Novice: 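Structure incoming, see below.
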Amino acid sequence: MDRSELNDLAQRERASWKPARLHCCTASGCLATGAEGVFKAMKQAITDKGLTDRVQAVGVGCLGLCGRGPLVQLAPQGPLFEQVSAEQAPSMVGAAVGESPHAAILDTAHPFFSSQLKIVCETSGEIDSERIEEYLALGGYRALHMALTEMTPAEVVQTISQSGLRGRGGAGYPTGLKWATVAKMPPGPKYVVCNGDEGDPGAFMDRSVMESDPHRVLEGMAIAGYAVGATQGFIYVRAEYPLAVERLRKAINQAKKLGVLGSGVFETPFDFRVDVRIGAGAFVCGEETALMASIEGRRGSPRPRPPYPAEMGLWDRPTLINNVETFANVPTILRKGADWFASIGTEKSKGTKVFSLTGKVRNTGLVEVPMGTSLRHIVEVMGGGVEGGSVKAVQTGGPSGGCIPAEFLDTSVDYESLAQLGSIMGSGGMIVMDQTTNMVEVARFFMEFCMDESCGKCIPCRVGTVQMHRLLSKIAEGKATSTDLALLEQLVPMVSETSLCGLGQTAPNPVKSTLRYFRHEYEERLRPMTSTNGRVPLPLRLA
Amino acid sequence: MAPASHPSGDKRFKILDVTMKRHLYQHDALIEVLHKAQELFGFLELDVLLYVARGLKLPPSRVYGVATFYHLFSLKPQGEHTCVVCMGTACFVKGADRLLAAIEQQAGIKAGQTTPNGKLSVMTARCIGACGIAPAVVFDGVTAGQQTPETVQQQLKGWL
């Protein structure tokens, strides 16, 4: 396929779109509340009313406000219906031809929608996730074509570096630098890996992107492959996301058929194959070295770095690993330019970030905001605050992150500011907690998670998490004394400084941050010291 | 070379053969093959693991090691129905522990166990990514959101 064929296909697709399109969200969240029935009922209603030439029902990706699903949007520029049922389908179809609908309508001028800036989710609620033609109609694969025909690999790397894009998986490593390192490695087999093992509980941005817009991720990977000189890519997806796996596989087949993936992409000498690899339920596989072990079909045990995957990754070859959201940013950066991207966000954190806003907040769902937006704006304005209460803390970064107390809600969301508060950006989970949440229980919850998920390879993590969990349980149950708390505080730096991989190094973070901001909750659960329970812990000191 | 199929003549081993062949008997396909085996047999018996080890020319220790490492692989038979309670953070904050307690009480078993009559297995998940509709429970592969102890008990009534 060449440029003119690409344009033809896009134009033909756009021409085939009916004047009114009913976008029914078919991502996991809405499917769980019955979106499939609604979608079928709408199709039926369109046929029944004889409107097949004027209205079409499209199963699109995530529309954002998952807590109010199933969602249906009348496009272009029509109302967004919430909590619809199959019975309301005829009425919504009627709305497409100007009748007044009998379904609850969401206010799309609400900050939840109006404060968003969509780059990664640009096309996610607009197109049928299972058809490549719809992605092409909105400019899909144009960036890949441009990279292959108008740019050298070095120019692509240069563009990504200039854009200031940083890894969206949590650590925020400059993407351009990573690409440049892999590109510089001597020629030979190289690999591109997309980390879709979104293990942080409370985060579902990557699931949503993979389900809603699989082609965007594939396009980003192919561009990366061209830039670093790789011909094989892997997407590692958790087995808990069956719909994402299914849609990615479908997308890869469609892309191969059209010649935008596979051998001779866009009739250039560039080959790029992508395979889906499915995890099997291990949180540690989100760590890059463990993930690579899992792709190779082994136990997901991490190994020490260096050597970094960029030098020695899959099968000891240079490997580029980026997160789903990072790849999803790439096509747009190439299309709109590095300067445009760099103009969004803060000085050190560019672009946007997708957050999954959940927990005790009124509007739960997916939001994409420019970096630098304040937590307060996201939680209280966009999320609508806590129903019948007030925010106590916001948890970011999952089991590797921390709890940010309400007094710091004015912090801007970027990598540095969150790190300063003892939390991390993480992959983007944002869980709101209200006054009824017990912070010791939260710390225990995360520690239990890390304890179960520790792979057992290194001792500080394997034993340290168990000991910390034991101490936290003791405190939570009101059986601990101040010596137990002192012991817990000694274990925190030890486990984080001596563990092998990110899991162990960050496992104490929830304890650390809750101790920092909610120490009184720990202390009020302690028992007074008596002569029988006052054991003195051995001094533990790291050289 | 394709290994001779299983002496039991069980057709499911033939399907497993096809899967291994499709992956060209490559070692890195182990996880994919185990997924298929679990889908076919419901769980991974030792016999199946040995069969996979032979097919992929891997030491049994390696296959056993991988099968026991990942949470989704089960070496014990599962119940006729499964009920997976999501214990992700969003679900936790919204009371997933109460859901689990209600289920455990109703079924008389703990998470990770199967009822003695083999009807129901109760499991927990780390996070199923349905945080927008927390707390979520997966009944036989179908996700249900915004659950309460009453709704889950209602659902399980017919299964016990």
Side-chain angles (χ1 to χ4, degrees), chain A residues 28-33 62 65-69 198-204 206-208 238-242 244 277-283 285 294-301 315 356-360 364-366 395 398-399 429 431-434 437 441-442 445-446 449 452-453 455, chain B residues 23 26-36 38-39 44 52 56 58 61-74 84 86-97 112 123-139 141-147:
Chain A
S28 283
C30 284
L31 281 182
T33 48
C62 187
L65 195 51
C66 310
R68 302 275 186 85
E198 184 176 49
D200 286 3
F204 58 98
D206 295 349
R207 169 181 68 69
S208 187
R238 320 170 62 198
E240 287 87 340
Y241 291 172
R277 284 294 160 98
I278 308 169
F283 175 66
C285 287
S294 188
I295 289 180
E296 292 174 15
R298 295 185 283 119
R299 289 166 70 99
S301 299
W315 295 287
S356 55
L357 189 58
T358 59
K360 300 228 172 135
T364 56
L366 219 59
Q395 210 280 340
I431 298 130
V432 179
M433 296 168 179
D434 69 356
T437 315
E441 284 292 346
V442 169
F445 165 79
F446 282 120
F449 183 94
D452 286 348
E453 294 297 338
C455 76
Chain B
H23 288 285
Q26 277 179 350
H27 293 175
D28 56 275
L30 178 57
I31 294 174
E32 312 282 312
V33 173
L34 289 180
H35 269 301
K36 188 72 192 174
Q38 177 146 311
E39 187 192 316
L44 301 171
V52 170
L56 297 180
L58 283 168
S61 61
R62 164 93 181 270
V63 177
Y64 186 75
V66 168
T68 50
F69 182 85
Y70 295 97
H71 297 300
L72 287 181
F73 295 135
S74 169
V84 183
C86 178
M87 296 299 276
T89 324
C91 294
F92 172 78
V93 171
K94 289 222 170 162
D97 48 342
M123 287 173 276
T124 56
R126 283 294 162 225
C127 179
I128 54 166
C131 317
I133 49 167
V137 180
V138 187
F139 299 105
V142 180
T143 311
Q146 282 146 1
Q147 293 292 296

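In what follows, chains carry the letters A, B, and so on, assigned in the order in which the sequence lines appear, proteins first and then strands, with residues in each chain numbered from 1. All values reported here derive from a predicted model rather than from experimental measurement.
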Novice: Working to the nearest 0.5 angstrom, can you tell me the gap between A:Glu240 CD and B:Thr143 OG1?
Specialist: 11.5 Å
Novice: Out of A:Asp434, A:Asp452, A:Leu366, A:Val432, which one racks up the most heavy-atom pairs below 4.5 Å with chain B?
Specialist: A:Asp452
Novice: Identify which part of B:Val66 has an atom lying under 4.5 Å from any heavy atom of chain A, answering side chain, backbone, both or neither.
Specialist: both
Novice: Might you work through the salt bridge (Lys or Arg N to Asp or Glu O under 4.0 Å) test for B:Arg126 and A:Glu453, ending with a clear yes or no?
Specialist: CA-CA 10 Å; B:Arg126 283 294 162 225; A:Glu453 294 297 338; 2.9 Å; yes
Novice: Please give me the minimum heavy-atom distance between B:Cys131 and A:Thr358, naming the atom from each residue.
Specialist: CB-CG2, 3.2 Å
Novice: Given that the side chain runs from C-beta out, which part of A:Ile295 has a heavy atom under 4.5 Å from chain B: side chain, backbone, both or neither?
Specialist: backbone
Novice: Using a heavy-atom distance cut-off of less than 4.5 Å, which residues of residues 87-95 of chain B contact chain A?
Specialist: B:Met87, B:Gly88, B:Thr89, B:Ala90, B:Phe92, B:Val93, B:Lys94
Novice: Which region of B:Gln26, side chain (C-beta onward) or backbone (N, CA, C, O), has a non-hydrogen atom less than 4.5 Å from a non-hydrogen atom of chain A, or is it both or neither?
Specialist: neither
Novice: Using a 4.5 angstrom heavy-atom cutoff, name the option from A:Ser294, A:Ser28, A:Ala239 with the most pairs to chain B.
Specialist: A:Ser294
Novice: What pair of heavy atoms forms the shortest contact from A:Phe204 to B:Gly129, and how long is it?
Specialist: CB-O, 3.3 Å
Novice: Would you say that more than 12 heavy atoms from the other residues, nucleotides or ligands in this model lie under 6.0 Å from the OH of B:Tyr64, or not?
Specialist: no
Novice: Please state whether the side chain, the backbone, both or neither of A:Phe283 comes within less than 4.5 Å of a heavy atom of chain B.
Specialist: neither
Novice: Testing the basics here: between B:Gly132 and A:Cys66, what is the closest heavy-atom pair and its distance to 0.1 Å?
Specialist: CA-CB, 3.9 Å
Novice: Which bit of A:Arg68 comes within less than 4.5 Å of chain B, counting heavy atoms only: side chain, backbone, both or neither?
Specialist: neither
Novice: Quick one: CD1 on B:Ile128 to OH on A:Tyr241, what's the gap to the nearest 0.5 Å?
Specialist: 9.5 Å
Novice: Could you tell me which portion of A:Arg207 (side chain, backbone, both or neither) has an atom closer than 4.5 angstrom to a non-hydrogen atom of chain B?
Specialist: side chain
Novice: Chain B heavy atoms under 4.5 Å from A:Cys285: which part of the residue, side chain, backbone, both or neither?
Specialist: side chain
Novice: Go through A:Arg277 and B:Glu32 one step at a time and tell me if the side chain to side chain contact (heavy atoms under 4.5 Å, CB included) criterion holds.
Specialist: CA-CA 8 Å; A:Arg277 284 294 160 98; B:Glu32 312 282 312; 3.5 Å; yes
Novice: What part of A:Thr33 lies closer than 4.5 angstrom to a heavy atom of chain B: side chain, backbone, both or neither?
Specialist: side chain
Novice: Examine whether an atom of A:Ile278 lies under 4.5 Å from a heavy atom of chain B, and if so say whether it belongs to the side chain, the backbone or both; otherwise answer neither.
Specialist: both
Novice: Which region of A:Asp200, side chain (C-beta onward) or backbone (N, CA, C, O), has a non-hydrogen atom less than 4.5 Å from a non-hydrogen atom of chain B, or is it both or neither?
Specialist: backbone
Novice: Taking the side chain as C-beta and beyond, is there a heavy-atom pair between B:Thr68 and A:Arg299 under 4.5 Å?
Specialist: yes
Novice: Any idea which of A:Gly300, A:Ala282, A:Gly365, A:Ala32 has the most non-hydrogen atom pairs under 4.5 angstrom with chain B?
Specialist: A:Gly300
Novice: For A:Ser208, which atoms come within 4.5 Å of any heavy atom of chain B: side chain, backbone, both, or neither?
Specialist: neither
Novice: With no hydrogens and no angle check, just 3.5 Å: does a side-chain donor-acceptor pair link B:His27 and A:Glu296?
Specialist: no
Novice: Tell me the closest heavy-atom pair linking A:Gly202 and B:Cys127, and the distance in Å.
Specialist: N-SG, 3.3 Å
Novice: Looking at B:Tyr70 and A:Ala280, what are the two nearest heavy atoms and their distance?
Specialist: CB-O, 3.1 Å
